[in-house]
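I have placed the structure first, in the form of structure tokens, so that the comments after it can refer back to it.
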Amino acid sequence: MVMTYLIINGPNLNALGQRNPSHYGRLTLAQLQERVQQRATELGVEVAFCQSNHEGALVDYLQQHGPAAQGIIINPGAFTHYSIALRDALADLATPIVEVHLSNIQAREEFRRRSVTGEAARGIISGLGWHGYILALEHLVRLSKGELE
Ligand code: DQA
């Protein structure tokens, strides 16, 4: 069975590379996804990428593809801090979820410290830049293989 992991990015993450590099690094989203794809190939798993600036589109994608996936990596962007709809869509899934942030959301403005979506995730990786996505994938793959019991 091929194991598929969803890599979902929310609003403004399509603009990576142009956004404040001290928070978000210099890679474009395409370059970040290429690195995740490379690691997925090494691990022998499939990844499917989705980016949307629209809350409803992210909910639709999660409802459609979340149940069959082995794991979900999501950076909900600013929706992290206030989207109950996205949080509910994540909480409705039995699929394991890791939330990733490029920047350390604890070390920025007060309003970024709370993650409502993260409450529906297994865990959160924040502040490790693009490498957080790789660590999240490695974690979910090992989890699926039963290596973390
Ligand atoms: C972000 C952090 C959010 O607060 C912000 O709105 C983003 C990106 C991150 O990856 O660090 O768009 O999720």
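None of these values were measured; they are calculated from a predicted model. Side chains are part of it too, since the values below use all heavy atoms of this structure and drop only hydrogens, waters and symmetry mates. All ligand and atom numbering here is 1-based and tracks the order in the structure.
The side-chain hydrogen bond (donor to acceptor under 3.5 Å, both in side chains) test applied to Thr4 returns no partner, not counting sequence neighbours. Every residue was checked against the salt bridge (Lys or Arg N to Asp or Glu O under 4.0 Å) condition with Arg122, not counting sequence neighbours, and none meets it. By the salt bridge (Lys or Arg N to Asp or Glu O under 4.0 Å) test, Arg114 is found to be paired with Glu119, residues two or more places apart in sequence or in another chain being considered.
The aromatic rings of His81 and His101 lie parallel to each other, with less than 30° between the two planes, well short of the 60° mark. Ring geometry for Phe79 versus Tyr82: interplanar angle over 60°, hence perpendicular rather than tilted (30 to 60°).
Applying side-chain contact (heavy atoms from CB on, under 4.5 Å) to Val98 and the options Leu140, Ile124, Leu143, Leu137 leaves one that passes, Leu140.
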Could you go through ligand 1 and list every pair where one of its N or O atoms sits under 3.5 Å from a protein N or O, giving the atom names and the distance to one decimal?
residue	atom	partner	partner atom	Å
ligand 1	4 (O)	His81	NE2	2.7
ligand 1	4 (O)	Arg112	NH1	2.8
ligand 1	6 (O)	Ala78	N	3.2
ligand 1	6 (O)	Arg112	NH1	3.1
ligand 1	10 (O)	Asn75	ND2	2.8
ligand 1	10 (O)	Leu102	N	2.8
ligand 1	11 (O)	Leu102	N	3.3
ligand 1	11 (O)	Ser103	N	2.9
ligand 1	11 (O)	Ser103	OG	2.6
ligand 1	12 (O)	Arg19	NH1	3.1
ligand 1	12 (O)	Arg19	NH2	3.3
ligand 1	13 (O)	Asn75	OD1	2.8
ligand 1	13 (O)	His101	ND1	2.8

